[in-house]
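One structure below.
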Amino acid sequence: MRPEILIPLFAETDGLEGIGPKLKKPLEKLGLTRVRDVLYHLPERFVVRRAVTDLDDANVGEQVVVALDVVEHRASRSPRGPYRVMATDAKGNVCALTYFGRASYTAKKQLPVGEKRWVAGRLDQYDQMLQIVHPDHVAEKSEQAMGQMVEPIYRLSEGLTQPRVASLVEQSLDRAPELPEWIDPGTFQREGWPSWREAIAQAHKGENGKARDRLAYDELFANALALMLVRESNRKRRGQPLQGDGHLRDKLQLPFPLTGAQRRSIDEISGDMAQSSPMLRLLQGDVGAGKTVVALESMLVAVEAGAQAAMLAPTELLARQHFETLRDMARPTGVEIALLTGRDKGRARESILMGLLDGSIDIVVGTHAIFQQSVAYKNLGLVVIDEQHRFGVSQRLMLAQKGRVTPHTLAMTATPIPRTLVLANHGEMEVSRLDELPPGRQAIDTRVLPIDRLEDIVAAVGRHVESGQQAYWVCPMVRDSETMDDDIAAAEARFAGLKERFGEDVVLVHGQLAPEQKDAGMARFAAGEAKILVATTVIEVGVDVPNATLMVIEQAERFGLAQLHQLRGRVGRGSEKSTCLLLRSSELSETGRKRLELMKSSQDGFLLAEEDLKLRGGGELLGTRQSGEEGFSIATLEQVTKLLEMANADAKMLVEQQGGLANPERGEAARTVLYLLERDWGVQTLRGG
Ligand code: ADP
Ligand code: MG
């Protein structure tokens with residue numbers, strides 16, 4: 001249960017003053033449905049103004065507050081023309097306050113002739129005349145104007161204005177209670193941070209590094225704490241030590257020797273599985289690094305020890321492909337492997353369920369259908385999750401609840417997560433890395449081209465397809481409600497354009513399609529019926545298409561380098577030569593260009609991820625876009641780098657040495673921050689276990 005003290009913070013924004021049905025949509029679009037969301041909607045920047053007694057003292061282009069005497073109103077002859085209010089400063093300098101369109105009504109009301117007004121805005125020059133276009137504020141009293149010297153600027157959506165958001169923030173601040181302090185007293189004092197309530201208030205009032213850092217720390221701390229709690233409760237769970245004797249693995253007839261990295265990972269995994277506390281391990285390795293065979297060997301360890309194993313894939317098509325690969329590889333061992341997806345119904349499904357229950361099926365591959373209530377196992381010992389970033393932390397944890405005793409869990413990912421972030425995203429797991437590709441792989445020939453060269457690029461794709469090969473065409477789609485519609489429109493427009501040129505050879509798959517439609521499109525491409533696949537990022541979990549050796553990525557600058565690398569890995573899996581064309585917009589910044597150039601020089605996903613983090617630095621948020629993980633909504637990259645270790649250490653100390661949530665002084669506060677920052681899955685698992 002959410003702590004009572006948080007009730008006002010989780011109240012709906014509907015209850016705030018001035019919110020009618022008209023504002024509901026714009027607020028939802030920004031995710032501001034509860035008071036807490038408004039409080040955490042921190043300003044993007046501040047306009048800092050300077051009060052001047054006369055305009056001689058101000059520079060053109062400067063944000064100023066100045067007292068002006070209103071002299072005259074001049075309407076334009078044409079209705080589209082400007083409406084000017086002529087005014088003079090203390091020295092008699094003339095300044096025009098210029099309005100367009102309906103704004104002139106405001107001007108008439110706010111600026112009566114003969115009166116003095118304090119005007120805030122940006123000083124401009126038009127011909128020889130000083131002017132302020134659409135003043136930000138017009139006040140009758142100087143005190144009112146002085147209140148506007150530092151003004152927060154918020155991210156808006158259509159239908160919202162700055163004053164409206166400011167008013168919601170103001171009301172939300174009034175409702176915000178003091179919360180008990182969850183920060184370790186040592187850290188709190190050393191950093192000289194304000195209390196939570198004070199920090200939120202300050203962060204809305206002006207540039208304030210300490211306040212912002214504290215709020216970022218809170219998020220990192222809550223995240224770390226939740227992961228630690230999961231890890232701790234996992235440690236206490238009863239697992240099943242599984243010691244394989246190798247009799248099945250010995251029968252495998254792999255067509256290749258394992259790489260050193262694969263062997264090392266298998267050793268680490270089987271070492272964990274032999275313990276009585278359940279394994280929680282992440283296997284990281286580039287696309288094509290050979291994770292499947294590591295999964296197979298791990299599952300065979302479980303089977304050798306008399307248990308069953310289950311492998312979970314994010315899509316039906318991928319599950320099917322895994323099933324076929326594993327079945328073929330494992331044939332000499334004689335183990336029984338089954339496929340179970342949501343599509344299986346009736347008899348076939350019944351017989352698989354029976355097999356899992358009576359133990360005649362050793363390994364099952366499937367979509368989340370394999371973890372439904374109705375599916376019972378005789379003795380599930382190991383769960384492998386492929387492309388685990390497609391599953392949230394909480395889902396990841398649900399899976400671990402299946403079975404009499406908690407099964408061992410192996411999560412796999414091709415996302416090259418920078419070292420700094422592994423802890424933040426996977427603090428509850430141990431990590432194995434496949435940092436060595438199977439021999440004989442060729443580097444992917446990567447080129448950066450401006451979008452202006454589109455015609456040449458389409459022609460190149462044409463030649464590629466005529467030579468009998470296939471190609472991916474990737475258009476970015478960001479999981480952000482603001483741009484998603486535009487992104488889909490862009491992908492659809494590109495699809496239409498390519499279709500005109502290539503006809504039925506082109507197929508479109510994007511994130512908004514129903515799973516069956518996605519799978520159907522992917523299947524056509526995988527079967528070679530379609531030659532060109534236009535896709536958004538969904539193909540990061542795509543199936544193998546050995547014949548697809550060319551990839552075009554549009555608006556490449558919008559992707560994180562790690563993600564670009566993961567995408568292009570799709571064409572670099574075999575021994576054939578493959579090409580990746582990164583199309584950039586023509587007006588790209590220096591850094592943007594530099595970033596893309598890195599893609600040409602390196603094929604090392606981890607290095608690219610680290611470099612990207614360094615290059616971008618700054619205020620960027622770690623949304624899902626960059627990391628492919630749940631990410632942070634308050635802490636910026638810079639703050640993560642600065643504060644993550646501290647937050648982790650504090651969370652670890654609280655959990656391991658100070659009794660965690662049962663700590664008499666800070667336990668309740670810690671619970672509060674978990675709920676406040678919506679990491680309460682940390683608390684839930686505790687109760688479950
Ligand atoms: P991923 O890590 O992307 O899941 P896969 O497991 O699908 O990669 O492996 C990619 C390809 O590399 C497969 O065709 C697989 O058979 C092959 N492969 C895996 N390990 C090796 C190895 N040690 N030597 C040569 N080829 C390998
Ligand atoms: Mg794979």
Side-chain angles (χ1 to χ4, degrees), residues 249 252-269 281-300 309-332 337 339 363 365-367 383-391 410-417 431-444 472 522 526 537-549 551 562-578 580 603-606 628:
R249 281 172 287 164
L252 281 178
Q253 292 160 8
L254 297 177
F256 45 73
L258 294 179
T259 64
Q262 283 171 323
R263 216 166 306 118
R264 178 165 38 77
S265 300
I266 293 168
D267 284 348
E268 287 166 353
I269 293 162
R281 187 172 279 276
L282 179 70
L283 178 65
Q284 266 190 312
D286 272 3
V287 176
K291 294 185 286 297
T292 318
V293 68
V294 174
L296 174 62
E297 296 234 358
S298 312
M299 293 195 285
L300 289 177
M311 182 168 183
L312 177 69
T315 70
E316 212 160 295
L317 196 61
L318 196 57
R320 194 170 300 276
Q321 191 170 58
H322 273 322
F323 167 67
E324 284 162 10
T325 311
L326 293 172
R327 186 193 50 195
D328 294 349
M329 279 203 285
R331 192 157 280 136
I337 303 188
L339 173 70
I363 295 175
V365 182
T367 54
V383 174
V384 178
I385 309 174
D386 193 27
E387 308 287 357
Q388 68 85 39
H389 63 277
R390 302 291 301 219
F391 305 94
L410 175 66
M412 310 203 290
T413 184
T415 313
I417 309 161
V431 178
S432 293
R433 273 192 171 178
L434 291 182
D435 46 13
E436 179 186 353
L437 285 181
R441 293 286 163 80
Q442 293 200 25
I444 300 158
Y472 294 99
M522 277 302 302
T537 49
V538 287
I539 58 165
E540 32 171 316
V541 293
V543 294
D544 265 352
V545 185
N547 208 19
T549 50
M551 179 178 286
Q563 217 185 352
L564 281 179
H565 178 70
Q566 202 179 335
L567 278 171
R568 79 172 162 187
R570 285 275 129 220
V571 294
R573 300 174 58 97
S575 48
E576 264 129 285
K577 207 167 151 35
S578 52
C580 176
Q603 309 266 331
D604 177 340
F606 293 112

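All ligand and atom numbering here is 1-based and tracks the order in the structure. Only heavy atoms go into these numbers, but all of them, side chains included; no hydrogens, no water, no symmetry mates.
Residues satisfying the side chain to side chain contact (heavy atoms under 4.5 Å, CB included) test with A261, not counting sequence neighbours, are T259, R264, L434, D435, E436. Every residue two or more places apart in sequence or in another chain that forms a salt bridge (charged side-chain N to carboxylate O under 4.0 Å, His left out) with R331 is listed here: D328.
In this structure, R433 satisfies the cation-pi test against F606, with its NZ or CZ atom closer than 6.0 Å to the six-membered ring centre and inside 45 degrees of the ring normal.
Here the rule is side chain to side chain contact (heavy atoms under 4.5 Å, CB included) with D286, and of H565, Q566, R441, Q603 only H565 fits it. With D386 as reference, L318 is the one residue of T292, L283, L318, L312 to meet the side chain to side chain contact (heavy atoms under 4.5 Å, CB included) rule.
Each salt bridge (Lys or Arg N to Asp or Glu O under 4.0 Å) pair with one or both residues in residues 312-326, not counting sequence neighbours, appears once here: E316-R343.
Protein neighbours of ligand 1 below 4.0 Å, counting non-hydrogen atoms: F256, P257, L258, T259, Q262, D286, V287, G288, A289, G290, K291, T292, P438, R441, R573.
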